[in-house]
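Down below is the structure, laid out as structure tokens.
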Amino acid sequence: MDTAHEERMTAARLPGDTIVAVLYEQHARIRDQFDAVTATEGADRSAAFDTLRELIATHQAAEDVVLRTVTDKLLPAGLTRASTDEEESLARELADLERTDVRGPEFLPRLRLLEEAFELHAAHEESDEFPAVLAELSAQEQEELGRWMKRAGRIAPTRPHPALAGHPRTEAVVAPFAALYDQARDRLAEAHGKTDA
Ligand SMILES: [Fe+2]
Ligand SMILES: [Fe+2]
């Protein structure tokens with residue numbers, strides 16, 4: 001059984017749409033998307049990589065904004081700091097990778113390094129942060145945080161932008177990872193406002 005499948009099984013055993021269930025689902029989805037990038041070529045690989053960047057940006061923003069507000073209080077500072085450092089490192093590697101030609105010989109080896117870094121990081125979160133949330137937060141709190149994250153996902157803009165339909169992809173039309181991350185944070189902030197309303 002592969003890790004993505006195990007994560008989906010774990011998510012399925014948790015109450016639907018609770019924060020940890022959503023995060024496990026996102027980890028599984030990101031693992032699958034790494035496979036999709038590897039399995040494709042040319043324009044298809046480029047599109048699959050864009051999806052991967054968006055998934056990681058959305059997930060990372062959700063962890064920074066929603067998860068860490070909780071785990072910063074529950075866990076020793078060193079543990080969440082390590083997680084944040086790992087995410088910053090992933091973001092840097094991703095930014096480097098998006099300047100690498102998906103058709104070039106360097107792309108797949110570097111993608112594999114990024115995937116390994118993601119796997120290690122996800123394992124840390126699943127062994128340290130997720131159990132703390134499950135043990136310390138009430139069912140209602142876990143549901144509220146999960147709904148907040150799901151709401152941010154639902155209001156995500158669809159790609160490609162209509163104005164770009166039919167145009168060949170160029171570097172100029174695809175937002176860099178940092179911009180995708182900022183957009184995801186904005187969506188979370190907006191979703192939180194709606195949740196409060
Ligand atoms: Fe993370
Ligand atoms: Fe994560």
Side-chain angles (χ1 to χ4, degrees), residues 2-14 16-37 49 51-98 111-137 141-143 145-153 156 176-189 191-192:
D2 67 22
T3 308
H5 185 66
E6 287 174 19
E7 286 168 338
R8 289 200 167 94
M9 300 273 283
T10 305
R13 286 193 290 270
L14 296 167
D17 288 0
T18 49
I19 174 173
V20 176
V22 176
L23 290 171
Y24 267 119
E25 284 284 354
Q26 291 182 348
H27 281 182
R29 178 81 179 84
I30 288 168
R31 286 179 206 276
D32 287 351
Q33 196 61 29
F34 270 108
D35 291 345
V37 178
F49 181 53
T51 300
L52 177 68
R53 297 192 302 121
E54 289 186 349
L55 288 173
I56 294 178
T58 301
H59 177 65
Q60 198 152 299
E63 289 182 335
D64 289 349
V65 175
V66 186
L67 177 69
R68 302 271 135 70
T69 57
V70 176
T71 53
D72 278 349
K73 298 189 188 99
L74 296 178
L75 292 169
L79 271 182
T80 52
R81 185 65 232 167
S83 224
T84 306
D85 288 348
E86 287 169 0
E87 286 183 0
E88 287 171 359
S89 168
L90 282 172
R92 277 196 302 275
E93 288 170 29
L94 202 49
D96 283 347
L97 192 57
E98 63 191 0
L111 180 79
R112 181 62 195 140
L113 289 178
L114 180 74
E115 185 175 14
E116 287 172 359
F118 172 78
E119 288 170 349
L120 191 65
H121 171 61
H124 289 161
E125 290 173 340
E126 292 179 9
S127 63
D128 297 332
E129 293 186 83
F130 294 8
V133 172
L134 292 171
E136 302 294 335
L137 263 60
E141 287 170 318
Q142 292 183 47
E143 264 176 42
L145 295 175
R147 273 203 302 271
W148 176 13
M149 284 170 34
K150 291 284 274 195
R151 184 187 289 269
F177 179 76
L180 294 172
Y181 175 84
D182 288 344
Q183 287 169 16
R185 282 188 75 109
D186 290 347
R187 292 201 305 270
L188 280 162
H192 196 216

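When a residue number appears, it is its place in the shown sequence, counting from 1. Since the model is a prediction, treat every value here as computed from it, not as a measurement. As the structure lists them, so they are numbered: ligands from 1, and atoms in each ligand from 1.
- Taking the Fe ion (ligand 2) as the corner point, the angle from H27 atom NE2 to E125 atom OE1 is about 90° (rounded to 10 degrees).
- With the Fe ion (ligand 1) as the vertex, OE1 of E63 and OE2 of E87 span 80° to the nearest 10°.
- Salt-bridge annotation for R68 and E125: present, with a side-chain N of the basic residue lying under 4.0 Å from a carboxylate O of the acidic one.
- Side-chain N or O atoms of W148 include one that pairs as donor or acceptor with a backbone N or O of L188 at under 3.5 Å.
- A side-chain contact (heavy atoms from CB on, under 4.5 Å) with L97 is found for exactly one of L52, L113, L114, namely L114.
- Put simply, H59 gets within reach of the Fe ion (ligand 2), with an N, O or S atom under 2.8 Å from it.
- Contact check on D85 versus R81 returns a salt bridge, with a Lys/Arg side-chain nitrogen under 4.0 Å from an Asp/Glu carboxylate oxygen.
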